[in-house]
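Take a look at the structure below.
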Amino acid sequence: MKRGLPQNMRAYIEELIGQSLGYLKREGTLTLDEPVKVQVERTRDRSHGDYACNIAMVLARKVGRNPRQLAELISARLPSSKRIDKVEIAGPGFLNFFASPHYLRVVVREVLAQGRDYGRAPAGSRGEVLAEYVSANPTGPLHVGHGRGAAYGASLSSILDAAGYRVTREYYVNDHGRQMDILAVSVWLRYLELAGERVDFPGNAYRGDYIYDIAREVRERHGDKLRHTQQAVVDGLPADGDGQAAEIHIDALIARSRELLGPDGYEACFSAALDTMVSDIREDLGAFGVQFDRWFSERSLETSGALERAIERLDREGWLYVKDGATWFKASELGDDKDRVVIRENGRTTYFASDVAYLLDKLERCPGTSLYIFGADHHGYVPRLKAAARGLGESPDRLDFQLVQFAILFRGGRKVQMSTRSGSFVTLRELREEVGNDAARYFYVMRSHEQHLDFDLDLAKSSANENPVYYIQYAHARISSVFRQLDARGFRYNQAIGEAAMDRLDSEYEQALLRTIGRYPEVIEGAADRRAPHVLAHYLHDLASEFHSWYNNSQFLVDDDDARNARLNLVAAVGQVLRNGLELIGVAAPEEM
RNA sequence: GUCCCGGUAGCUCAGCAGGAUAGAGCAGCCGCCUCCUAAGCGGCAGGUCGCAGGUUCGACUCCUGCCCGGGACGCCA
């Protein structure tokens, strides 16, 4: 990376101040025992220049001078620089730096030269991240809650990638366990129903219509091979009912299914259900622009021996003990609030044991950070997984947990009721069809993930000015339109002429845009560091806003070659930054609307 | 009971390791299209930053307590 790029301006100024402090120290004006951390930040107010530093206030007490006086000293010893026009001392002792207009304009050339790479740090320069998100049980279609995790996870992964992390995206498929068995049995019962058997469908089974679809497939493939009489199915089974009775009933039903169907027959129902659900989820997410590098099967942990290995590892480290016939992990000694069972009394491993095995696998495969993106209801997993990391002899610092709060849909100003059991929940697919992928992706990440999200369906569907997605996309469409108009008006765009005439970009609108597009790399870095895609979403809205203001106040396609080409360079640069940013949050940048 | 997230303008929310007069979008009111898409722009009005203490030169931001809202605490998955 060349020195002197706009994105390095902060570091550059920090270095200048460091030099000034070093000088003051050497000449004996100041006595500083410990090295000081100089921090420069972007100003919020234009009148405060472009960058500000609070070092004088931080150091004032230590060196026994008042802040403004100290600021004067630092300012006087600052090496001169072509990039800085002037330095002012303001307020309680801020050092305000004004970037030179020439320096501000350099950014346009950088954006145009780097194109899609503008704002991207060198690949892998920040290490590796293994991001796991969505990981919804494959027992039904994704709903709108999963959608938020998907949009957040995908956007954050892209942002981390742009910020220089090497990112692997994974979906953990819970294809092992009771819920999957219930799903398999649900399919079988529907299959029997389709075959003409009279069945009493348990209250606890999966009732969605998609179960019929899977059952139909099973029937097409296996005909009547899996058919048994209703009598055989329910004979001697404990009755269905509410609460506990329902659980007992369905467990007995699972056991009966296995008996009657045998391993192959049961597997037929099971795998049909699993394959259908996983491919349905994959298709759904794919259409939503959410991709994964790997779909990690929970069952594979057992077949690969990873499960056994993880338990052995915990044992070897001395964290296991046996009580009441079960094997426990001493999580409470490692920061969790209670110990956790890894092997049940009945000899089967727990869900938590799988989590530990998957964690070990992740830590071994990825030398960097394991990023967990959970729904907020899973926050209890944080201490136990950290305990697991410690138990495996790894640092919990290698785990990063991001909890995504719930999304609540609003229509007509009223909450849309959702209930999984009754089947009246809104699926992600329905949401996408209703508001479109772009609006859904944007709305999901426009708020901090730590914040509950009120998802206004009417607003997301609105094609009026209040919809922030269209607002941003419209800016991009306008930019495309400007270039389309070039030919129509008999002009030609010449980037070189524009670059030679960049000093023509002198209006307040142009200056503001220069500052904003120059800020983009820092926005990416900040969004990545804070795991906060909404920072980027807000930035894009700001950028669009500044562009719209400029558009309404200036004419781009003027007769003056210099002015026209200089402006077109800036227009092109804004378009490029919009495209780069929108791509990271999975929103299209349309040529026209 | 313990733990997690939140409480900023009428509504929905920004405000990033504390910083210079608290911002945006909606909604409300008033303006702007013989001109590159008005899905746009400009202006006005609107807030004791939940409450009370504390730390600091400086607190919406950090600490403690309390109040309110949402959620989590299985040998379930």
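Protein chains get the first letters and strands the later ones, always in sequence-line order, with residue 1 at the start of each. The structure displayed is predicted, hence computed values, not measured ones. For the numbers below, each heavy atom of this structure counts, side chains included, while hydrogens, waters and symmetry mates do not.
Note: CZ (Phe401(A)) to C1' (rC3(B)) measures 15 Å, nearest angstrom. Here the P atom of nucleotide rC35(B) and the CG atom of Leu486(A) are 18 Å apart, to the nearest Å. Residue Asp529(A) contributes atom CG, which lies 10 Å from atom C1' of rA17(B) at whole-angstrom precision. Rounded to a whole Å, the CZ atom of Phe406(A) is 6 Å from the P atom of rA72(B). The CG atom of Leu459(A) sits 12 Å away from the C1' atom of rC13(B) (whole-angstrom rounding). Taking atom CZ on Phe374(A) and atom C1' on rC4(B), their separation rounds to 13 Å, with Å as the unit. Ile89(A) has its CD1 atom 21 Å from the P atom of rG19(B), to the nearest Å. Counting to the nearest Å, the P atom of rC16(B) and the NE2 atom of His534(A) are 9 Å from each other.
At a threshold of 4.0 angstrom between heavy atoms, the contacts of Gly526(A) with the nucleic acid are absent. Residue contacts shown for Thr139(A) are absent, as no nucleic acid heavy atom lies under 4.0 Å away. Nucleic acid contact class of Asn174(A) (heavy atoms, under 4.0 Å, all strands): none.
If you check distances only, the side chain of Asn96(A) does reach the base of rA20(B) with a donor-acceptor pair under 3.5 Å. Remark: the Asp377(A) side chain and the rG71(B) base include no donor-acceptor N/O pair separated by less than 3.5 Å.
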For RNA chain B, what is the dot-bracket line, given that a base pair needs Watson-Crick (N1 to N3, plus N6-O4 or O6-N4) or G-U wobble (N1-O2 and O6-N3) geometry with both distances under 3.5 Å, and | means paired with another strand? (((((((..((((.....[...)))).(((((.......))))).....(((((..]....))))))))))))....

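Here the nucleotide nearest the side chain of His538(A), chosen from rG74(B), rG19(B), rA14(B), is rA14(B).
A stacked arrangement is assigned to Phe94(A) and the six-membered base ring of rA20(B), with a centre-to-centre distance below 5.5 Å and an interplanar angle below 30°. Per the stacking criterion (ring centres < 5.5 Å, plane angle < 30°), His379(A) does not stack onto the base of rA72(B).
Between rA38(B) and Tyr474(A), a contact under 4.0 Å exists linking OP1 or OP2 to a side-chain N or O.
Base orientation for rC16(B): anti, the chi torsion being more than 90° from 0.
Residues Leu543(A) and Ile472(A) fail the side-chain proximity criterion, which asks for heavy atoms closer than 4.5 Å.
Tyr266(A) carries Arg258(A) over the face of its six-membered ring, with the cationic atom under 6.0 Å from the centre and within 45° of the normal.
Evaluation of the side chain to side chain donor-acceptor pair (under 3.5 Å) test over residues 320-329 of chain A, restricted to residues two or more places apart or in two chains, returns Tyr321(A)-Asp339(A). For residues 529-558 of chain A, the set of pairs meeting the salt bridge (charged side-chain N to carboxylate O under 4.0 Å, His left out) definition, not counting sequence neighbours, comprises Arg126(A)-Asp529(A), Asp400(A)-Arg531(A).
By the ring pair (Phe, Tyr, Trp, His ring centres under 6.0 Å) test, Tyr539(A) pairs with Tyr520(A), sequence neighbours left out. Residues passing the ring pair (Phe, Tyr, Trp, His ring centres under 6.0 Å) test with Tyr509(A): none are found, sequence neighbours excluded.
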Between side-chain atoms of residues 345-357 of chain A and protein atoms elsewhere (two or more places apart, or another chain), which donor-acceptor pairs fall under 3.5 Å?
{"unit_1": "Asn346(A)", "atom_1": "OD1", "unit_2": "Arg348(A)", "atom_2": "N", "d": "2.9"}
{"unit_1": "Thr350(A)", "atom_1": "OG1", "unit_2": "Val341(A)", "atom_2": "O", "d": "2.8"}
{"unit_1": "Thr350(A)", "atom_1": "OG1", "unit_2": "Val342(A)", "atom_2": "O", "d": "3.4"}
{"unit_1": "Thr350(A)", "atom_1": "OG1", "unit_2": "Phe352(A)", "atom_2": "N", "d": "3.4"}
{"unit_1": "Thr350(A)", "atom_1": "OG1", "unit_2": "Ala353(A)", "atom_2": "N", "d": "3.1"}
{"unit_1": "Tyr351(A)", "atom_1": "OH", "unit_2": "Asn174(A)", "atom_2": "OD1", "d": "3.4"}
{"unit_1": "Tyr351(A)", "atom_1": "OH", "unit_2": "Asn174(A)", "atom_2": "ND2", "d": "2.9"}
{"unit_1": "Ser354(A)", "atom_1": "OG", "unit_2": "Glu298(A)", "atom_2": "OE2", "d": "2.9"}

